[in-house]
Amino acid sequence: MARPAKLCIAMVGLPAMGKSTVAAKIKENLEKDDIKVGIFNNGDVRRRMVAGNTSHAGFYNPDNADAAALRERIAAVSIAEAKAYLTAEGQIAILDATNVSRKRRETLRQSMAPHPILFIECINDDPELLALSVARKTRLPEFAHLPQDEAAKSFFSRIGYYRHIYAPADEAGNLVRLDTLNNRIIAERVHSDVPHYGRIRDLLMSDWIKNLFLVRHAESEYNLENRVGGDSSLTEKGRRMAWALSRHFIGTPLPYVFTSTLTRTREMAEPLLETRKGTTIHHAFKEFDEIDVGECDGLSYAEMERARPELFAARARNKYNFVYPGGEGYATMAGRVYRGIKKAIYLSGNSEYIMIIGHQAVNRMILSDFLFRRAEDVPYIFIPQDKYFHIVSTQSKKLFELRKF
Ligand code: F6P
């Protein structure tokens, strides 16, 4: 019987483009089907082989001949380990490195023969995301000796050096070019002999949300008076609920908590963050701010109906497409909310658990990204303040559960 074909996957891309997350996603998912996948990360080999500090940008300067030679040796070790893995029991070896030069890719092709290589080139041109990803990188232990801003500067210079030698992988026989923020395949040329490609392709386009807890802030001062807009605080009862939320998740590691920039969601996150100092990273995104009600800001629904009866009626007739004068509507806020979700998923990488604390309209829009609802029904999805949605969305599992805290 013919032995099953083996595959080498080589990641391609500048640092902080999401390559390691893609590699982990392939490994974790294919291993569920007993396919043996190994990740060979040049950074890990570097930390193992070189005793001194290699996190400074100068180490990546192509004009630094000693460092360049050392980096070649590191790559050679990684390639040799991947090859040995495929020769033994491994079925897929993923080379998680930048592989941005043609020369390096040519070496890979020669070294890995006769195994086919699938190049996965990761692209993310979003400057905000890049800055946030770099901030995440600089929290790694190898940057602990530097203040955060210097570490970020050093990391950006490292990226700059790689940019100089970067040649897009157009020459590759098997290439998928992936927009890693949107899980979108931008270019694809893959021969039929690449094993498991159908499965891998589907993975690349799929969300990978292991556990998302979607929470709405608890009772705010404005909620008490049925007012829209504003930036009010939680009530006493709301604060108690914030502590209840924190208690409910006591045994769950939450490396990332995302809120809007508004006071009520930040206050909702406060107990969680206070009790998890150093283990939970908090990002406040404008993308998750509540619907902008424009000229109606601060009004109660009763006041709105009295003062602007036509507006109130138009909203009731077509709530999804209605746009508040000077503000937003459900339809017009969709783009920014979806971008917020993509940002949160991208930044949290392969985290097991993440939480988003949002608002009524925002959470409806977030849910609409996962649940099938007709657009006209989205503005009526019930969003309680004492329950959260537990969402799992992976290639092999979809889960939706409303739970009390
Ligand atoms: O009432 C709370 C609130 O979050 C308001 O700030 C927002 O305008 C409203 O809910 C959105 O819900 P609806 O579209 O049903 O008015």
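Nothing here was measured: the structure is a model prediction, and the numbers come from that model. Position 1 is the first residue of the sequence; numbering continues from there. Both counts, for ligands and for their atoms, begin at 1 and track the order of listing.
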Write out all pairs satisfying side chain to side chain donor-acceptor pair (under 3.5 Å) with one or both partners inside residues 131-140, taking only residues at least two apart or from two chains. Thr138-Gln148
State whether the shortest distance between N or O atoms of [X] and N or O atoms of ligand 1 falls below 3.5 angstrom.
X      : result
Glu290 : yes
Arg315 : yes
Tyr324 : no
Arg364 : yes

Any heavy atom of Arg264 sitting closer than 4.0 Å to ligand 1? yes
Contact between Tyr222 and ligand 1, counting heavy atoms under 4.0 Å? no
Measure from NZ or CZ of Lys387 to the centre of the six-membered ring of Phe405 and say whether it is under 6.0 Å with the direction within 45° of the ring axis. no
Under 4.0 Å to a heavy atom of [X] - the qualifying atoms of ligand 1, by number:
X      : answer
Ile291 : 7 (C), 8 (O)
Asn223 : 2 (C)
Gly229 : 6 (O)
Val228 : 8 (O)

Student check: side-chain heavy atoms of Ile35 and Ile92 closer than 4.5 Å: yes
Please examine the side chains of His217 and Asn223, heavy atoms only from C-beta on, and report whether any two atoms are closer than 4.5 Å. yes
Would you call the rings of Phe258 and Tyr256 parallel, tilted or perpendicular if under 30° counts as parallel and over 60° as perpendicular? parallel
Do Glu267 and Ser233 have a side chain donor and acceptor closer than 3.5 Å? yes
Would you kindly say whether Arg264 and Tyr222 are connected by a side-chain donor-acceptor distance under 3.5 Å? no
Check each heavy atom of [X] against ligand 1 and say whether those closer than 4.0 Å belong to the side chain, the backbone, both or neither.
X      : answer
Tyr380 : neither
Val293 : side chain
Glu328 : neither

Protein heavy-atom partner closest to [atom] - residue, atom, separation in Å:
atom                    : value
atom 14 (O) of ligand 1 : Tyr330 OH, 2.7 Å
atom 12 (O) of ligand 1 : Gln360 NE2, 3.2 Å
atom 1 (O) of ligand 1  : Tyr301 OH, 3.7 Å
atom 15 (O) of ligand 1 : Lys319 NZ, 2.7 Å

Considering residues at least two apart in sequence or located in another chain, which fulfil the salt bridge (Lys or Arg N to Asp or Glu O under 4.0 Å) criterion with Arg104? Glu72
Arg48 (side chain) donor-acceptor with Gly43 (main chain) under 3.5 angstrom: no
Which of these, Asp170, Val12, Ile120, sits in a side-chain contact (heavy atoms from CB on, under 4.5 Å) with Arg177? Asp170
Is the distance between the ring centroids of Phe249 and Tyr388 less than 6.0 Å? yes
